[in-house]
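See below for the structure under consideration.
Note: hydrogens, waters and symmetry copies are ignored here, and every other heavy atom, side chains too, is used.
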Protein chains: 2
Amino acid sequence: MPASSRAASQVDAGEAVAIGQRSTRQRRAVVSALDDIEAFVSAQQLHQRLVADGTSVGLTTVYRTLQALADAGEADSIVQEDGEVLYRRCSGDHHHHLVCRDCGVTIEVQDSDLEAWARRIARRHGYRDVTHSLELRGLCPECATPSRRRS
Amino acid sequence: MPASSRAASQVDAGEAVAIGQRSTRQRRAVVSALDDIEAFVSAQQLHQRLVADGTSVGLTTVYRTLQALADAGEADSIVQEDGEVLYRRCSGDHHHHLVCRDCGVTIEVQDSDLEAWARRIARRHGYRDVTHSLELRGLCPECATPSRRRS
DNA sequence: GTGCATGCAAACGCTTTGCAACATG
DNA sequence: CATGTTGCAAAGCGTTTGCATGCAC
């Protein structure tokens with residue numbers, strides 16, 4: 001495809017990349033794009049979105065930037081069934097996700113009851129240094145509304 | 001290394017494959033091998049194990065058999081960080097796993113409190129048809145105890 | 001005998017890496 | 001200027017598929 005010109009969209013990265021790295025046009029674009037999305041996206045999806053938006057950026061860079069964000073705790077990453085990794089901007093605290101299996105919209109869930117439950121189960125079996133990962137998948141109110149679904 | 005404490009080349013076809021499929025030497029071997037392992041294993045690991053045990057079986061067949069088992073609900077499968085899929089024989093009921101991050105030994109966890117919690121969270125946000133997946137990872141008693149180390 | 005099962009090799013999709021050109025601080 | 005960064009191409013990885021041969025039933 002003729003990915004010619006660089007009609008670089010005015011990337012107004014609110015706050016810098018925040019990672020201890022150099023601030024480049026590409027990184028700001030990736031971070032900004034990720035901020036605009038409320039659902040989980042793959043590196044490839046985000047790359048397509050950027051290119052479609054006129055931002056010239058390499059797929060490799062998107063991969064590297066998303067990884068850096070995840071490593072820095074600035075983005076959450078989940079692995080889906082087929083092994084593809086999805087990213088999403090999020091708070092740095094420990095939490096889980098309630099993801100819409102239709103549109104991908106995600107709600108962060110924090111619950112001390114769950115944390116306590118996990119610790120209890122772990123202790124009951126003598127396991128130590130236990131971490132846990134949980135994911136809830138369902139249909140969000142919008143996607144579940146009968147009026148907007150096929151009849 | 002010939003770690004063949006109870007080298008079971010003798011495939012005891014105790015119970016058949018149980019899937020509505022043909023009973024072949026390869027399938028029985030895969031199922032039998034999976035039964036002998038208490039931890040999660042990848043298709044490749046299981047294949048190596050079989051070959052090392054003297055069983056001639058193709059990697060493709062192992063992949064296909066494990067998938068069939070998982071589809072039939074006779075095996076549980078989890079995807080780890082790098083996208084590799086691990087399998088383990090298990091009961092058909094809904095449950096979760098407490099996996100030792102060192103030796104892979106796994107305990108099945110069933111808890112109605114957790115199920116109730118998940119439903120509560122889902123309803124609170126208006127999500128419907130919510131399913132959940134949870135995994136606990138830690139060190140099992142044996143791996144956590146310095147004196148009784150065993151590898 | 002008939003059709004599913006097998007397994008080799010090649011294809012796949014996502015991700016990572018080598019390396020030369022480049023931009024940021 | 002000196003690094004850290006970029007991005008193309010190619011390699012890597014686990015997994016899947018095409019297809020001819022083979023075996024269970």
Side-chain angles (χ1 to χ4, degrees), chain A residues 1-6 8 11 13 16-34 40-51 54-72 75 77-88, chain B residues 11 13 15-34 40-51 54-72 74-75 77-88 104:
Chain A
M1 53 171 83
S4 53
S5 62
R6 67 288 201 39
V11 178
V17 181
I19 319 175
Q21 296 178 37
R22 224 168 248 183
S23 174
T24 67
R25 173 181 60 76
Q26 291 92 328
R27 263 180 221 180
R28 271 168 302 191
V30 171
V31 172
S32 171
L34 195 61
F40 274 98
V41 285
S42 68
Q44 314 229 21
Q45 289 174 334
L46 198 61
H47 177 245
Q48 289 183 348
R49 202 185 179 99
L50 285 163
V51 171
T55 305
S56 171
V57 58
L59 177 57
T60 309
T61 300
V62 176
Y63 269 109
R64 284 197 273 235
T65 305
L66 287 177
Q67 268 178 352
L69 285 170
D71 286 345
S77 64
I78 59 177
V79 192
Q80 50 181 10
E81 304 276 303
D82 64 352
E84 193 176 23
V85 183
L86 304 183
Y87 297 89
R88 178 173 185 273
Chain B
V11 179
E15 60 185 284
V17 182
I19 322 175
Q21 295 178 37
R22 226 166 247 185
S23 173
T24 67
R25 173 181 60 77
Q26 291 92 329
R27 269 200 252 243
R28 270 169 299 182
V30 171
V31 172
S32 171
L34 195 61
F40 274 97
V41 286
S42 68
Q44 313 229 24
Q45 288 173 336
L46 199 60
H47 177 245
Q48 289 184 346
R49 202 184 178 101
L50 285 163
V51 171
T55 305
S56 170
V57 58
L59 177 57
T60 309
T61 299
V62 176
Y63 270 110
R64 284 198 273 237
T65 304
L66 287 177
Q67 263 176 189
L69 285 170
D71 287 345
E74 304 228 4
S77 64
I78 58 177
V79 192
Q80 48 182 11
E81 304 276 304
D82 64 352
E84 194 176 23
V85 183
L86 305 183
Y87 298 89
R88 178 173 184 273

Measure the distance from [atom1] on [X] to [atom2] on [N] and round it to the nearest whole Å.
| X | N | atom1 | atom2 | result |
| --- | --- | --- | --- | --- |
| B:L66 | C:dT6 | CG | P | 12 Å |
| B:R25 | D:dC25 | CZ | P | 14 Å |
| A:Q80 | D:dT15 | CD | P | 15 Å |
| B:H47 | C:dC8 | NE2 | C1' | 11 Å |
| B:Y63 | C:dA11 | OH | P | 18 Å |
| B:F40 | D:dG14 | CZ | P | 19 Å |
| A:Q48 | C:dG13 | CD | P | 13 Å |
| B:E81 | D:dC13 | CD | P | 18 Å |

[X] side chain, from C-beta outward: closest of [options]:
| X | options | result |
| --- | --- | --- |
| B:L59 | C:dC4, C:dG7, D:dT15 | D:dT15 |
| B:R22 | C:dT17, C:dG3, D:dT15 | C:dG3 |
| A:R64 | C:dT24, C:dT17, D:dA24 | C:dT17 |
| B:V85 | D:dG7, D:dT15, D:dC25 | D:dT15 |
| A:T60 | D:dA9, C:dT15, D:dG14 | D:dA9 |
| B:V57 | D:dT15, D:dC8, C:dG7 | C:dG7 |

Report yes if at least one side-chain N or O of [X] is closer than 4.0 Å to OP1 or OP2 of [N]; otherwise report no.
| X | N | value |
| --- | --- | --- |
| B:R27 | C:dT6 | yes |
| B:T61 | C:dG7 | yes |
| A:T24 | D:dT6 | yes |
| A:Q26 | D:dG7 | yes |

What does A:Q67 touch in the nucleic acid at a heavy-atom separation under 4.0 angstrom: a base, only the sugar-phosphate, or nothing?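 Here A:Q67 touches the backbone only, sparing every base.
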Backbone N/O of [Y] and side chain of [X]: donor-acceptor pair under 3.5 Å:
| X | Y | result |
| --- | --- | --- |
| A:T55 | A:V51 | no |
| B:R25 | B:S56 | yes |
| A:R27 | A:V62 | no |
| B:Q45 | B:S42 | yes |

Output all residues satisfying ring-ring contact (aromatic ring centres under 6.0 Å, His included) with A:Y63, sequence neighbours left out; order by chain, then residue number.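 With sequence neighbours excluded, A:Y63 shows a ring-ring contact (aromatic ring centres under 6.0 Å, His included) to no residue whatsoever.
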